[in-house]
Amino acid sequence: MARILIAGCGYAGSALGHILAGEGHEVWGLCRRPERLPASIRPLGADLTDPATLRSLPSDLEAVFYTTGPDGRGEEAYRAAYVTGLSNLIEALRSQGQQPRRLIFTSSTSVYPQSNGEWVDEDSPVSPEPFGRGLLLAGEHLCREGSFPGVVLRLAGIYGPGRARLIESVRRGEAACPEGPPRYTNRIHRDDCAGALRHLMALERPGGLYIGADHEPADRREVIRWLAGELGAPLPRTGPQEAGRRRAAGSKRCSNARLLASGYRFRHPTYREGYAAIIEERRD
Ligand SMILES: NC(=O)c1ccc[n+]([C@@H]2O[C@H](COP(=O)([O-])OP(=O)(O)OC[C@H]3O[C@@H](n4cnc5c(N)ncnc54)[C@H](OP(=O)(O)O)[C@@H]3O)[C@@H](O)[C@H]2O)c1
């Protein structure tokens, strides 16, 4: 059984840690508020931006996951989460003489600037602009070119229990179907996010980069209409989206072919299985 550290142990990290601990691994979850971790994960209170708090990491770590997310949307928050924190952790591991056989970093499919419905894969062009993309790419570089064998998983939007605001907004009849060309959205259920991370840890010879998205990039309208049907909610209105959402949107289709070829099998292959499971859990 392995000794495993999950740094920045939040929504996805906790799900991952819970699975690994259930398999008998020794799992530590590092974050600033460790009291919120599930009981199966050993709490490790530390601030990744403060090297002094990283001096006594658990010894003999075999695998390290870096699943830290930013506190806000500003450049400093992104730099702290994706670059400073990771660099501090790598330095702390190195100075403690640790040699984990794998470092796995969760990046984001937001590094792809494509916005006209193009299919993208791991070889598609990325952009360092605006700053969020550039800092994610800097984190990817640190992970893959650093001291330990690194693997990057570029995640699509994570949804799952406790993170399904779209369900409520459709139920209340508030979600609008945007006008205009399709806007493709990409997602991954929390359990597949955890499952894919675990899979990458277990692979004998993983590649350095994978996209973590389910099988079906879907037009946002299609998802909203499907949810309305499942929930028996009123047919969603068609109308313009809020300006903020439009700006953040983009439209691309992320291919998970490489992850599938590596042997991962999705528990929730599309939004239908994933949202249906959440709706079912809420009924219970
Ligand atoms: N959520 C998405 O839709 C999405 C999409 C694409 C990629 N990703 C990436 O996937 C990863 C997991 O996402 P998530 O939604 O599970 O993130 P999350 O819930 O925000 O968890 C990240 C955790 O990092 C911890 N953290 C932040 N700053 C820290 C610091 N300075 N020191 C120690 N811990 C710190 C926070 O816990 P404390 O506050 O207790 O420290 C937080 O719970 C992240 O890397 C994220 O960027 C997420």
Side-chain angles (χ1 to χ4, degrees), residues 5-19 28-38 41 43-55 57 64-74 76-90 92 103-112 120 126 131-140 142-143 150-166 185-198 200 209-214 217 245 248-250 252 254 256 271 274:
L5 176 67
I6 302 174
C9 195
Y11 185 65
S14 295
L16 168 68
H18 189 64
I19 294 175
W28 285 266
L30 184 158
C31 57
R32 292 160 302 184
R33 294 166 293 171
E35 63 281 1
R36 306 198 311 180
L37 295 174
I41 300 176
L44 189 57
D47 183 342
L48 288 155
T49 63
D50 179 0
T53 67
L54 303 174
R55 283 194 191 126
L57 298 172
V64 175
F65 292 91
Y66 190 87
T67 56
T68 309
D71 283 335
R73 297 197 161 271
E76 280 323 302
Y78 270 67
R79 187 178 303 283
Y82 296 122
V83 182
T84 313
L86 179 56
S87 157
N88 288 341
L89 181 64
I90 291 173
L103 170 64
I104 301 176
F105 173 74
T106 48
S107 180
S108 167
T109 56
S110 67
V111 295
Y112 298 107
V120 297
V126 293
F131 67 84
R133 288 192 184 126
L135 293 167
L136 278 160
L137 292 170
E140 291 188 2
L142 274 174
C143 169
V151 179
V152 169
L153 181 63
R154 287 181 181 157
L155 290 165
I158 306 171
Y159 73 106
R163 274 211 192 162
R165 271 188 307 176
L166 191 57
T185 53
N186 300 272
R187 61 189 61 68
I188 183 165
H189 190 282
R190 177 201 64 183
D191 295 345
D192 281 311
C193 181
L197 287 166
R198 178 190 164 283
L200 293 177
L209 176 62
Y210 295 86
I211 284 176
D214 74 16
R245 178 169 288 286
K252 64 200 169 221
C254 296
N256 65 8
Y271 69 87

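First listed ligand is number 1; within each ligand, the first listed atom is number 1. Here the structure is a predicted model, which means the values were calculated and not measured. What you see below is based on every heavy atom in this structure, not just the backbone, and it leaves out hydrogens, waters and symmetry mates.
- The backbone N or O of G8 lies less than 3.5 Å from a partner atom in the side chain of T67, making a donor-acceptor pair.
- The nearest protein atom to atom 42 (C) of ligand 1, hydrogens excluded, is given as G10 CA, 4.2 Å; this is a heavy-atom distance.
- Inclusion of L48 in the set of residues having an N or O under 3.5 Å from an N or O of ligand 1 is warranted.
- A donor-acceptor distance shorter than 3.5 angstrom exists from the side chain of T53 to the backbone of D47, with no hydrogens or angles considered.
- Taking a cut-off of under 4.0 Å to the non-hydrogen atoms of A46, the atoms of ligand 1 that pass are 32 (N), 33 (C).
- Contact annotation: R163 has at least one heavy atom less than 4.0 Å from an atom of ligand 1.
- Residue-level proximity to ligand 1 for Y82 is carried by the side chain, the only part with a heavy atom below 4.0 angstrom.
- Looking at atom 6 (C) of ligand 1, its nearest protein heavy atom turns out to be L155 O, 3.2 Å.
- Nearest non-hydrogen protein atom to atom 12 (C) of ligand 1 is T67 O, 3.5 Å.
- Not a single heavy atom of P34 sits under 4.0 Å from any atom of ligand 1.
- Below 30°, between 30° and 60°, or above 60°: for Y66 and F105 the angle between ring planes is below 30°, a parallel geometry.
- Distances from atom 5 (C) of ligand 1 to the heavy atoms of P70, A156, S108, A80 put A156 nearest.
- Summary of contacts: the protein heavy atom closest to atom 34 (N) of ligand 1 is C31 CA, 3.5 Å.
- Using a 4.0 Å cut-off between heavy atoms, S107 contacts ligand 1 through its backbone alone, with no side-chain atom that close.
- Residue D71 has no N or O atom closer than 3.5 Å to an N or O atom of ligand 1.
- For atom 24 (O) of ligand 1, the closest heavy atom belonging to the protein is G8 CA, 3.3 Å.
- Regarding atom 44 (C) of ligand 1, its nearest protein heavy-atom neighbour is T68 O, 3.4 Å.
- With atom 31 (N) of ligand 1 as the reference point, the heavy atom nearest to it among D47, I188, L30 is part of D47.
- Interface of G157 with ligand 1, defined as ligand atoms under 4.0 Å from a residue heavy atom, comprises 3 (O).
- Under a 4.0 Å heavy-atom criterion, G85 is not in contact with ligand 1.
- Annotation for ligand 1: atoms under 4.0 Å from non-hydrogen atoms of T106 are 10 (O), 11 (C), 44 (C), 45 (O).
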* Residue pair L5, L89: steps toward the side-chain contact (heavy atoms from CB on, under 4.5 Å) verdict -> CA-CA 11 Å; L5 176 67; L89 181 64; 4.1 Å; yes
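- Scanning L153, I158, T109, L37 for the heavy atom closest to atom 4 (C) of ligand 1 points to I158.
- Regarding atom 36 (C) of ligand 1, its nearest protein heavy-atom neighbour is R32 NH2, 4.1 Å.
- Considering all non-hydrogen atoms of both residues, A77 and G72 come closest at CB-N, 3.6 Å.
- The shortest N/O to N/O separation between Y66 and ligand 1 does not fall below 3.5 Å.
- The protein non-hydrogen atom at the shortest distance from atom 16 (O) of ligand 1 is A12 N, 2.7 Å.
- Below 4.0 Å from some heavy atom of G69 lie the following atoms of ligand 1, by number and element: 22 (C), 24 (O), 27 (C), 28 (N).
- Residues H189 and Y159 form a side-chain contact, since some pair of their non-hydrogen atoms from C-beta on lies under 4.5 Å apart.
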